[in-house]
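Quick notes on the structure that follows.
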Amino acid sequence: MRLTRYFLPVLREVPAEAQITSHKLMLRAGMIKQAVSGIYSWMPLGLKVLQNIEGIVIEEQERAGHLPLLMPTIQPASLWQKSGRYDDYGEEMLRIRDRHNRDLLYGPTNEELITEIFSSHVKSYRDLPLTLFHIQWKFRDEMRPRFGVMRGREFLMKDGYNFDITMDDAIHSYNRHLVSYLKTYERLGLKAIPMRADTGPIGGNYSHEFLVLADTGESEVFFDKRILDFNFGIANVNFDDIGECQKIVDEWTAPYARTDETHDPEAFDRVVPKEFQGVSRAIEVGQIFYFGTKYSKPMGAHVTDSEGKQVPVHMGSHGIGVSRLVGAIIEAFHDDKGIKWPISVAPFKVGIVNTVMGDQETCEVCEKIYSELTTTNFSPLYDDREERAGSKFTTMELIGIPWRITVGPRGLKKGIVELTDRHSGESREIPTDNIVSLIKELT
RNA sequence: CGGGGCGUAGCGCAGCCUGGUAGCGCAACAGUUUUGGGAACUGUAGGUCGUUGGUUCAAAUCCAAUCGCCCCGACCA
């Protein structure tokens, strides 16, 4: 992409509406624009990051054997009246009435809808286990939206639902999700700690939240610091292997890690030696639940078991806050110059800075590198504006491009271009002819 | 929903107390000189001062209502 042809409305000054770092940087980098409190437009750069995250989430879900579908944002009120949540959910639910005076709502979550889909099509235990998920915009009319996309009213969320014939099977589904989430967050570059959680309005009796430590987080968490050394690794997991999944879950949920909702100070002192006791703020980026037959019973989600009896299915639900993750990643990766995207979610992996647009050789070399990287699918961002070098460096750093290639007459005299790592800030000189192959190795 | 703050050009702000020609910086546009860490100069364009009503000869400024945004709390991916 040529910057002169791109839409990147960066701001030199921070709009007064922003308070926390990620929100400020997202506005300054031209990623989002607020439409109204808690509701945002995603500009091209922001959308790229959002879609990169979405892509990783989808890949890891499918790898674990979960099936994508897409449910609508607007749902009939009647379904929620059936489950009993229409009145329970309260003011947070955005209620709508259509021209026929039918009561509708903008979905804050999808348990009712998915259960209805399930019960109208799945009749036999032989069709289980089944896990369906989608990534769709949700709306929760929060009393007080804040922190940009971290607590918006409209937000993009991956939500998944598992259906199993027995509790044991459902626990395996739970474990499978926990493991796939560990892998997902690791690919996003994040250290997300599974913590024992409260089940809240979703209900049920078994739940973990995934939290990313950050000063600006809304939760207070208490944990054994040794869990920070855990690495999931890229190891291939057999998600059908009950024992293997259970082992990983046991390992990751053994250390004390709880949010303020479930924190037990006595147990904390008893189980975790003083020097390993960690207390921090954290951002919640996902949660998984097992809730048994809470929805399947009232919604009539029954299947015929092997003995011919009608039994309600055991269910669980699982969510990842996709749009919130954009903010959470920035909270985890930034410095005073701007964002430092992990390579896996970066909107562009490589930036090319032409330091002197008036210099013919510089332009030729830039064009050559640009076209070679473009044809090999590396999606570089080429800053071809008539700006001074300093301004271009500042922009690349602000928007967080992991690798920057600097091309100018000064280097070309020596036959080199400069390669700068956004994360370490280190630069090295690379012979002009080697830069493209080196980038391929690095990204 | 309780408490507080703020709405003036795309962004950041001053002007309001003490009513009388709407201003500054950045961004934008044109030109010239520049060209490796947010360039300089000259010029240009951009505003029904959130909205409505009131007071007044006269309202960005005073009064009232209303809408919106932000912060602190109680609730939440």
Side-chain angles (χ1 to χ4, degrees), chain A residues 9-20 23-24 27-28 30 33-39 57 89-93 107-110 135-160 181 192 197-202 207 209-212 217-219 259-261 283-289 317-328 337-338 353-359 362-363 383 385-398 404-413 417-418 420 425 427 429:
Chain A
V10 296
L11 302 174
R12 189 185 286 247
E13 274 161 309
V14 193
E17 72 197 51
Q19 191 64 19
I20 63 166
H23 190 194
K24 287 179 184 170
L27 289 167
R28 288 197 54 212
K33 165 97 174 76
Q34 179 168 297
V36 65
S37 179
I39 302 180
V57 171
Y89 222 94
E91 294 285 305
E92 258 193 30
M93 184 190 283
T109 177
N110 286 64
I135 296 181
Q136 176 63 289
W137 293 91
K138 306 290 188 289
F139 193 91
R140 293 183 192 172
D141 200 356
E142 298 276 346
M143 265 181 223
R144 191 180 156 211
R146 62 190 123 164
F147 304 152
V149 301
M150 301 266 278
R151 176 160 299 286
R153 292 192 291 173
E154 186 186 54
F155 58 97
L156 188 62
M157 176 172 153
K158 170 255 155 184
D159 48 322
Y181 276 27
D198 219 17
T199 51
I202 307 255
S207 180
E209 283 180 327
F210 289 78
L211 289 113
V212 174
E218 291 188 87
S219 316
T259 64
D260 46 6
E261 289 163 344
I283 302 165
E284 190 193 328
V285 291
Q287 186 162 12
I288 56 178
F289 299 90
S317 75
H318 341 87
I320 292 181
V322 176
S323 47
R324 172 181 285 184
L325 272 167
V326 179
K337 293 174 178 170
V353 167
N354 181 329
T355 60
V356 187
M357 286 302 291
D359 184 76
T362 303
C363 289
D383 193 342
R385 294 173 303 164
E386 297 283 347
E387 290 282 328
R388 294 163 72 94
S391 159
K392 296 184 177 185
F393 295 150
T394 308
T395 300
M396 286 292 178
E397 282 156 354
L398 172 63
R404 185 184 82 212
I405 301 169
T406 306
V407 184
R410 209 165 75 185
L412 293 180
K413 277 198 192 91
V417 296
E418 203 171 271
T420 308
S427 291
E429 300 189 337

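Within every chain, numbering begins at 1; the chains are lettered A, B, ... in the order of the sequence lines, protein sequences first and strands thereafter.
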Could you give the distance separating B:G38 and B:A27 at their P atoms, to the nearest angstrom?
13 Å
d(CD, A:E17; C1', B:G68) in whole Å:
12 Å
Please state how far atom CD1 in A:I39 lies from atom P in B:G68, giving the value in whole angstrom units.
12 Å
Is A:T395 near enough to B:G38 that one of its side-chain N or O atoms lies under 4.0 angstrom from OP1 or OP2?
no
Quick check with a 6.0 Å cut-off and a 45 degree axis cone: is A:R404 positioned over the face of A:F393's six-membered ring?
yes
Sticking with atom C1', work out how far B:C29 lies from B:G10, rounded to a whole angstrom.
14 Å
For the side chain of A:E13, starting at C-beta, report the closest nucleotide among B:C71, B:G38, B:G12.
B:G12
Taking the C1' atom in each of B:G15 and B:C1, what is the distance between them to the nearest angstrom?
36 Å
Out of B:C71, B:G36, B:C1, which nucleotide sits closest to the side chain of A:M143?
B:C1
Measure the distance from NZ on A:K33 to P on B:C69 and round it to the nearest whole Å.
12 Å
Closest listed nucleotide, where the reference is the side chain of A:R388 and the choices are B:A39, B:G38, B:C71:
B:A39
Span that lies between the P atom of B:G37 and that of B:A45, in whole angstrom:
34 Å
Quick one: label A:V14 by what it contacts on the DNA or RNA (base, sugar-phosphate, nothing), any heavy atom closer than 4.0 Å.
sugar-phosphate
Which whole number of Å gives the distance between the P atom of B:U52 and that of B:G43?
37 Å
Between atom CE in A:M357 and atom C1' in B:U35, what is the gap in whole Å?
12 Å
When rounded to the nearest Å, what value does the distance between C1' atoms of B:C70 and B:G12 take?
15 Å
Considering Watson-Crick and G-U wobble pairs with both distances under 3.5 Å, what does B:C69 pair with?
B:G5
Can you find a donor-acceptor pair, distance only, under 3.5 Å between A:E387 side chain and B:G38 base?
no
Please confirm whether the shortest side-chain N or O distance from A:R12 to OP1 or OP2 of B:A27 is below 4.0 Å.
yes
Here the distance between atom C1' of B:G36 and atom NZ of A:K413, to the nearest Å, is 12 Å
As a test of reading the structure: which of B:G37, B:C75, B:C71 is closest to the side chain of A:E397, going by heavy atoms?
B:G37
Which nucleotide sits closest to the side chain of A:S37: B:C70, B:G37, B:C11?
B:C70
Partner lookup for B:U21, please. Criteria are Watson-Crick or G-U wobble with both distances under 3.5 angstrom; report none if nothing qualifies.
none
Do A:R28 side-chain and B:G12 base share a donor-acceptor contact under 3.5 Å?
no
Regarding A:E418, tell me which of base, sugar-phosphate or nothing describes its non-hydrogen contacts under 4.0 Å with the strands shown.
base
For B:U35 versus B:A40, give the span between their C1' atoms, rounded off to a whole number of Å.
12 Å
Mapping A:V356 and A:G286 to their closest nucleotides on RNA chain B, which lands nearer the 5' end?
A:V356
What is the distance, rounded to the nearest whole Å, between atom CZ of A:R146 and atom P of B:C75?
11 Å
Would a distance-only check, ignoring hydrogens and angles, find a side-chain to backbone donor-acceptor pair under 3.5 Å from A:T395 to A:S391?
yes
In terms of side-chain heavy atoms of A:Q34, which of B:G25, B:U35, B:C69 is nearest?
B:C69
Quick one: label A:G408 by what it contacts on the DNA or RNA (base, sugar-phosphate, nothing), any heavy atom closer than 4.0 Å.
base
Closest to the A:T406 side chain: B:G25, B:G36, B:A74?
B:G36
Under 3.5 Å, is there an N or O donor on one side and an acceptor on the other linking the side chain of A:R404 and the base of B:G36?
no
Using purine N1 to pyrimidine N3 plus N6-O4 or O6-N4 for Watson-Crick, or N1-O2 and O6-N3 for G-U wobble, both under 3.5 Å, which nucleotide pairs with B:C75?
none
In whole Å, measure the gap between the C1' atoms of B:U21 and B:U61 for me.
15 Å
Between C1' on B:C1 and CD on A:E92, what's the gap in Å once rounded to a whole number?
13 Å
Paired to B:U42 by Watson-Crick or G-U wobble criteria (both distances under 3.5 Å) is B:A30
Using both distances under 3.5 Å as the test, list the Watson-Crick or G-U wobble partner of B:G53, or none.
B:C63
Please classify the nucleic acid contact of A:G411 as base, sugar-phosphate, or nothing, using heavy-atom distances under 4.0 Å.
base
Quick one: A:R385 CZ to B:G37 C1', roughly how many Å, whole number?
13 Å
